[in-house]
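Have a look at the structure below, then the notes.
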Protein chains: 2
Amino acid sequence: MTKQTIHVVGGGLVGPLTAIFLARHGFDVELYERRHDMRKVDISAGKSINLVVTPRGLVALDKVGLQEKIMELAIPLDGRMLHDVKGEETYVPYGHKEGEVINAVSRGLLNQRLLEAADEYENLNIHFQRHCTDYDVNTRTLTFRNEETDTEEKVETEIVIGTDGAFSAIRKTMLENVTNFDYAQSFQKHGYKELVIPASADGSHLIKNGVFHIWPRGNYMLIGIPNLDGSFTCTLFLPYAGEKSFETLKTKDDVDNFFNETFPDATPLMPTLTNDFFDNPTGALATVKCSPWNIGGQAMVLGDAAHAIVPFYGQGMNCGFEDCTALGDLLESGEKDWNVIFTKLGALRKPNTDAIADMAIENFTEMRDTTADPKFQLKKQVGFELENRFPEQFIPRYSMVMFHPEIPFAEARRLSEIQETMLDDLCANINAPDEVDWDKAEKLVKKISG
Amino acid sequence: MTKQTIHVVGGGLVGPLTAIFLARHGFDVELYERRHDMRKVDISAGKSINLVVTPRGLVALDKVGLQEKIMELAIPLDGRMLHDVKGEETYVPYGHKEGEVINAVSRGLLNQRLLEAADEYENLNIHFQRHCTDYDVNTRTLTFRNEETDTEEKVETEIVIGTDGAFSAIRKTMLENVTNFDYAQSFQKHGYKELVIPASADGSHLIKNGVFHIWPRGNYMLIGIPNLDGSFTCTLFLPYAGEKSFETLKTKDDVDNFFNETFPDATPLMPTLTNDFFDNPTGALATVKCSPWNIGGQAMVLGDAAHAIVPFYGQGMNCGFEDCTALGDLLESGEKDWNVIFTKLGALRKPNTDAIADMAIENFTEMRDTTADPKFQLKKQVGFELENRFPEQFIPRYSMVMFHPEIPFAEARRLSEIQETMLDDLCANINAPDEVDWDKAEKLVKKISG
């Protein structure tokens with residue numbers, strides 16, 4: 001067999017990791033990225049500037065020996081700090097077991113580390129400032145805009161993997177060329193705006209480090225994630241239209257008044273608030289689903305290009321990294337036929353990426369609306385206690401999604417829907433976890449675990 | 001106010017009717033159609049060659065004085081004739097009231113009549129062989145391929161209505177240009193193939209005229225609709241892949257054997273079966289949903305371009321004609337601002353087109369799978385009897401969709417989901433309509449009607 005070259009389009013997070021998996025299996029890999037080499041040039045924050053790495057992502061990183069290197073960048077977060085409208089704080093842990101934390105990292109640093117790691121493979125070349133504008137399905141030719149020389153380049157390919165994000169050019173060619181291609185893009189009625197709580201003069205964090213801050217306000221919310229430099233990246237999620245919305249926040253006074261009334265403890269810590277509000281773009285929250293993910297054995301989309309999701313479970317990248325793990329496992333199995341590899345990979349992953357897409361939207365409601373609800377907190381506590389008592393039979397949804405990569409997303413969704421009915425039942429007429437009827441609970445748990 | 005010109009792209013069924021509504025309200029209308037003038041040239045059957053006109057469509061036709069002219073083309077169908085695998089027939093009426101019929105018409109003849117009617121308006125021009133390839137959202141310029149002269153034509157516009165079908169060029173520009181555009185296209189796992197039962201030598205129908213024939217076979221089915229010339233247009237709906245599928249019917253023998261075994265009474269009446277099977281294309285069954293339907297006051301999609309649905313309730317065209325009725329009502333109200341007209345029209349229609357899209361998919365299962373089920377037939381009969389006894393409170397789903405244009409599709413769907421639970425309850429332990437517990441039925445009906 002002659003050595004095959006795989007062209008990977010998109011050098012964000014999933015692209016380099018895909019390229020690394022392929023290089024380790026002996027393929028020649030050509031990786032193309034639209035932006036400058038982000039190890040040399042500061043990239044602008046087009047997307048959210050931090051994100052969380054969770055065990056699903058760590059499984060993939062571990063397979064290629066990168067877990068330690070990436071974890072150097074991380075701030076572990078062990079729970080949510082809820083801020084009410086008076087500025088009072090309530091802490092709700094994420095899990096209740098040792099090591100049940102999520103890891104905040106800078107998107108830019110993580111991307112740099114992944115590219116550095118990719119660059120170490122001799123059989124892997126990275127090309128920057130190559131903006132993919134077309135993939136000809138018949139001739140298998142990629143067209144790039146070379147943004148360095150401002151010229152057009154054509155590249156003949158055998159096998160293409162598109163990891164070029166939510167607005168993927170490769171997926172666009174599928175939409176136009178694949179017969180009976182199922183495709184859906186949908187947007188939340190909320191947009192988002194990135195803001196900042198800077199570090200104190202001595203570089204320390206002005207609010208508690210090591211937790212995920214949420215200011216839940218029903219139909220909207222503010223969140224804050226700590227950075228290594230002492231600052232917090234804050235994100236306001238707000239409807240586009242309506243009474244409290246991007247539409248109604250027109251002047252600096254509007255913004256000042258809204259923030260002072262709604263987030264009184266955070267606002268004094270945000271000196272550049274109004275400038276940031278009007279200078280930063282308003283981001284959209286898209287979900288993209290499609291099927292199939294591949295054109296026979298010649299092309300496939302992975303990561304956001306195949307399944308963009310909203311960020312409310314912090315699983316966008318982790319879910320994309322799971323695609324890489326699954327691809328690695330298929331290569332490991334000895335399968336050589338790319339049509340089989342791509343078809344199996346899509347069949348394995350799609351039910352799970354659909355499930356996390358839906359759960360992420362559901363978690364938006366939970367975060368903004370119900371985290372402040374006493375019943376929600378009671379159900380959380382009872383869920384943890386059920387996990388304590390029946391660790392084999394009951395793992396709460398949040399824990400399954402975040403801390404149990406061995407449970408596929410689709411299974412996590414199925415189980416947690418049954419659990420939710422059970423928790424509603426057990427918590428219907430009580431106000432504290434010690435009032436739970438544990439005999440009944442045991443019967444219910446045994447029933448659901450078959 | 002200067003007289004406005006509206007450009008209507010697409011001269012299929014909804015396009016001419018939209019153009020007629022606009023012309024009657026005094027607008028200058030330019031109507032563009034990709035094909036030849038179908039009054040002069042025989043058009044090839046790209047799409048299904050017959051369809052049904054139901055009261056929702058008749059409401060729209062009546063508004064512009066065309067009901068009588070179109071009904072001249074129609075064959076009224078008053079029920080389904082079910083054919084089992086032994087060739088035995090069972091008749092199930094559609095409704096049980098006078099005039100509860102659907103009307104089979106030829107797509108080609110209907111299209112011709114609509115174009116003739118449109119041509120009678122002095123302020124309405126029709127342009128044939130103009131294939132719309134682009135709509136520039138910024139300059140509001142339409143680009144057409146003039147297929148007569150093989151040249152490209154640019155047309156400057158103020159207001160565009162795209163009625164250019166399921167693969168709409170106008171909708172494509174929306175997908176590419178409208179911020180946060182929600183879009184979904186999805187395909188059934190079944191394709192379809194058009195076949196024919198010709199007329200007898202004396203021009204009469206070889207199987208019963210005036211009914212809709214179905215050969216339900218679980219996962220697939222054959223249907224037959226009578227034509228005025230004595231023939232029946234038959235359509236086979238079959239999975240693309242699997243045991244009994246387009247994939248496995250590879251040779252003429254495969255087709256002959258499959259048809260003889262599965263449709264023993266129909267097959268001897270289809271002398272051109274195997275040729276038709278391999279000569280005719282395999283059609284796809286698509287559902288398209290999008291939102292918004294308009295770009296401010298400058299452009300809008302209507303009909304299949306906005307909401308393509310599967311054909312299993314015969315409502316694709318009728319639903320598109322309802323768009324025209326709603327547009328007419330808005331113009332009638334005196335509203336002049338096209339942004340308001342388009343936005344209101346979308347808001348009014350979208351919940352209903354979403355509802356019929358879902359109900360049409362559900363009816364596919366009913367037609368192929370459950371029409372032959374005795375429980376289904378029992379529930380149908382009990383539903384009719386409930387309508388007899390409680391005509392104000394209980395109208396079966398099929399009747400609401402087909403015969404009650406005053407009930408919007410979304411409301412029909414909501415009500416019928418409640419009714420279904422009730423019918424399941426009433427028919428759970430009985431085998432004939434006269435065993436129904438009518439006291440209980442009355443209580444349930446009163447409960448749901450509130």
Counting only heavy atoms not in B:Glu417 (residues, nucleotides, ligands), do more than 12 fall under 6.0 Å from its CD? yes
Inspect the surroundings of CZ in B:Arg217 and state if more than 12 heavy atoms from other residues, nucleotides or ligands are less than 6.0 Å away. yes
Please confirm whether the backbone N or O of B:Phe181 pairs with a side-chain atom of A:Gln185, one donor and one acceptor, at under 3.5 Å? yes
Value for OH (A:Tyr240) from OG1 (B:Thr179), rounded to nearest 0.5 Å, stands at 8.5 Å
Take B:Asn180 and A:Gln188 through the test side-chain contact (heavy atoms from CB on, under 4.5 Å) and record every step on the way to the result. CA-CA 8 Å; B:Asn180 294 9; A:Gln188 295 297 303; over 6 Å; no
Please check if atom NZ in A:Lys350 has more than 12 non-hydrogen atoms from other residues, nucleotides or ligands closer than 6.0 Å. yes
Is A:Lys289 in contact with chain B via its backbone, its side chain, both, or neither, using a 4.5 Å heavy-atom distance? neither
If you count heavy atoms of other groups shown closer than 6.0 angstrom to CZ of A:Phe167, is the number above 12? no
